[in-house]
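Presented below is the structure to which this report refers.
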Amino acid sequence: MYKILFYLLFIGLPMLVISCRESHSHGTDDLHAMESDSKEHNDEVHLTQVQMENIGISYESITPRNIRSTVKLNGRVELPSDGIAIATSPLEGQVEQVHVLPGNRVRQGQVLFTIRNIDLIDWQEQRLKAQADLEFLNKEIERQQFLSEQNITAVRVLEQLLTEKKKKESEEKAIEAKLQVAGITTDPSGDLTSIFKIRSPQAGIVQHLKVHKGSYVTSQTELVRILSNHHLRIHLFAFENDITRLSEGQTIDFFVQSRPNALRKARIAWINSLVNEENNSYEIHADIIGDKSGLVPGEYVEARVIDREAFVPTLPLEAITYDKGLTYVFVKKEEMDGASHFQKVQVILGEKDLGFVEIRPLDAIPDHALVATNGAFFLMAQSKKDEGEGGGHEH
């Protein structure tokens, strides 16, 4: 009996411990293997042929492209003060006719308004009288000069006539200057008018029409503003972390928000060296290159400045998917049992340009491999669904 107990305690028990350890070791190895299989399974997505047809997956291979690094800027189209001309009347009067409408494009010198001022008639009469008096004085001076030469009359009379002529010439010049301000020249027919015209001080677009027919205006009245597109530029803002990448003379690609497909160019003319402390930004002014037609002051602008270029591996932006702050692509693998297999590969993104993005895969992707573009987000959703189901394994 004692021999049996001795055998169990000193020989059987160690054998039992060793057996348990071996059993535990095999169980752990199996668990690690199952976890490895689960991870590999979670990195793959399988779609049936029906699923493929329904979501319409498309592919593109990783292709080297010239990607440009850009600084993105926002701002507005602006018209500096030298591009704004205000039309006013040199004389007071009543508006007889308005010849333009807001938004009309006008030439320099084009008639904008017709205004009536009855004082013009008096000035024209005074000019005609002064001209008649001068004509008489010139004839009388000629006669007195002849008589003076014959010693028939005194020289003093001639001198008085010459003095009177100078006075009349001054009167005529003063009246002529008033009429020239109103744009009225001498009418050979002698017809008098109370009408004068206001002409456009520059070529441009009519804006802020302030008067209408029948309005009474003075020389202080603003009649209309003419905006010259020739002076248009863009006013942009750059944040502090981007300002070191910008310099005067750089070319800008920009578009106005209402017409995003119409890409235009400008050149940086001036960068404010002082920061705006309210929003920590710098002001940038750029001259528009080429045609400025269609641009309106105040329009919102999106712009970018290209500061460097590189030839790098790229994919379309729609190929990129996101999960928990990380970025992934799905690479097509073999087709088996009527299903398509996709490998989920984490990538690091670089610069983005014109719908493409630079990628740096963390795991090697074979050359000429096809990457899902359209339908990539469905693949990501399917991979997360598989994760939720434990990858198809039970532990």
Side-chain angles (χ1 to χ4, degrees), residues 75-117 120 176-187 193 195-236 249 251-270 283-301 303:
R76 294 189 181 276
V77 178
E78 73 170 4
L79 184 64
S81 57
D82 58 354
I84 304 173
I86 298 175
T88 59
S89 174
L91 307 171
E92 63 182 21
Q94 188 174 41
V95 177
E96 285 283 307
Q97 190 67 42
V98 179
H99 299 280
V100 292
L101 295 172
N104 285 167
R105 187 175 297 276
V106 296
R107 306 179 308 277
Q108 183 175 3
Q110 182 175 332
V111 176
L112 305 176
F113 305 94
T114 301
I115 298 179
R116 182 180 297 279
N117 184 321
L120 293 175
E176 189 68 36
K178 290 181 179 180
L179 293 173
Q180 284 179 353
V181 167
I184 297 176
T185 57
T186 302
D187 188 347
T193 180
I195 297 295
F196 66 98
K197 299 173 181 178
I198 304 298
R199 299 179 181 275
S200 178
Q202 69 176 14
I205 298 173
V206 174
Q207 190 183 49
H208 300 309
L209 189 62
K210 300 294 186 70
V211 297
H212 50 80
K213 186 175 181 179
S215 297
Y216 188 82
V217 301
T218 69
S219 60
Q220 304 300 317
T221 304
E222 180 180 323
L223 305 179
V224 70
R225 291 190 180 191
I226 308 297
L227 308 183
S228 173
N229 274 4
H230 179 71
H231 296 83
L232 284 177
R233 62 186 182 188
I234 53 177
H235 184 193
L236 304 167
T251 301
I252 294 176
D253 293 324
F254 77 96
F255 61 86
V256 294
Q257 196 173 43
S258 59
R259 295 178 296 282
N261 294 327
L263 196 64
R264 301 172 184 262
K265 291 188 178 295
R267 184 174 290 107
I268 296 178
W270 174 70
E283 291 184 83
I284 297 173
H285 296 273
D287 296 325
I288 299 170
I289 300 173
D291 184 24
K292 302 180 181 69
S293 61
L295 295 176
V296 178
E299 286 188 296
Y300 183 77
V301 165

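For Glu222 against Arg225, the heavy-atom pair with the smallest separation is OE2-NE, 2.8 Å. Arg199 approaches Gly109 most closely through the heavy-atom pair NH1-O, 3.1 Å. Considering every non-hydrogen atom in both Asn229 and Ser293, the closest pair reads ND2-CA, 4.4 Å. In terms of heavy-atom proximity, Phe254 sits nearest to Ala266 at CE2-CB, 3.9 Å. Closest approach of Ala87 and Ile198 over heavy atoms only: CB-CG2, 4.4 Å. Between Phe196 and Pro90, the shortest heavy-atom contact is CE1-CD, 4.1 Å.
In this structure, Ile226 CD1 and Gln207 CD are separated by 9.5 Å, a value rounded to the nearest 0.5 Å. To the nearest 0.5 angstrom, Glu283 atom CD is 3.5 Å from His235 atom NE2. Atoms CZ and OH, from Arg76 and Tyr300 in turn, are 7.5 Å apart once rounded to the nearest 0.5 Å. Remark: His208 NE2 to Leu227 CG distance equals 6.5 Å, nearest 0.5 Å.
The shortest side-chain heavy-atom distance between Leu112 and Leu223 does not fall under the 4.5 Å cut-off. Using a 4.5 Å heavy-atom cutoff, the side chains of Phe113 and Ser89 are not in contact. You'll find the side chain of Ile86 reaches within 4.5 Å of the side chain of Thr88, heavy atoms only. The side-chain heavy atoms of Val301 and Val77, taken from C-beta on, include a pair separated by under 4.5 Å. Using a 4.5 Å heavy-atom threshold, the side chains of His99 and Val106 count as separate. Leu232 has its side chain within reach of Pro297: a pair of non-hydrogen atoms, C-beta onward, lies under 4.5 Å apart. You'll find the side chain of Thr114 stays beyond 4.5 Å of the side chain of Val95, heavy atoms only.
The number of heavy-atom neighbours closer than 6.0 Å to NZ of Lys210, taken from other residues, nucleotides and ligands shown, is above 12. Within a 6.0 Å radius of NZ in Lys197, no more than 12 heavy atoms belonging to other residues, nucleotides or ligands are found.
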task = Carefully, step by step, assess Lys213 and Glu96 under the rule side chain to side chain contact (heavy atoms under 4.5 Å, CB included).
result = CA-CA 6 Å; Lys213 186 175 181 179; Glu96 285 283 307; 6.0 Å; no
task = Please assess Arg259 against Glu299 for the test side chain to side chain contact (heavy atoms under 4.5 Å, CB included), listing each intermediate value before the final yes or no.
result = CA-CA 10 Å; Arg259 295 178 296 282; Glu299 286 188 296; 3.4 Å; yes
message = Under the criterion side chain to side chain contact (heavy atoms under 4.5 Å, CB included), I'd like the reasoning laid out for Leu79 against Ile84: C-alpha separation, chi angles, the key distance, then a yes or no.
response = CA-CA 7 Å; Leu79 184 64; Ile84 304 173; 3.6 Å; yes
request  = Apply side chain to side chain contact (heavy atoms under 4.5 Å, CB included) to Leu236 and Ile252, showing your working.
outcome  = CA-CA 11 Å; Leu236 304 167; Ile252 294 176; 3.7 Å; yes
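Between His285 and Glu78, the side chains place a donor N or O and an acceptor N or O closer than 3.5 Å (distance only, hydrogens not considered).
Shown here are the side chain to side chain donor-acceptor pair (under 3.5 Å) partners of Lys265, two or more places apart in sequence or in another chain: Asp253.
Checking Leu295, Val256, Ile289 one by one against Arg264, the side-chain contact (heavy atoms from CB on, under 4.5 Å) holds for a single residue, Leu295.
For the pair Asp287 (side chain) and Arg267 (backbone), a donor-acceptor distance under 3.5 Å is absent. At least one donor-acceptor pair closer than 3.5 Å links the side chain of Gln202 to the backbone N or O of Gly83.
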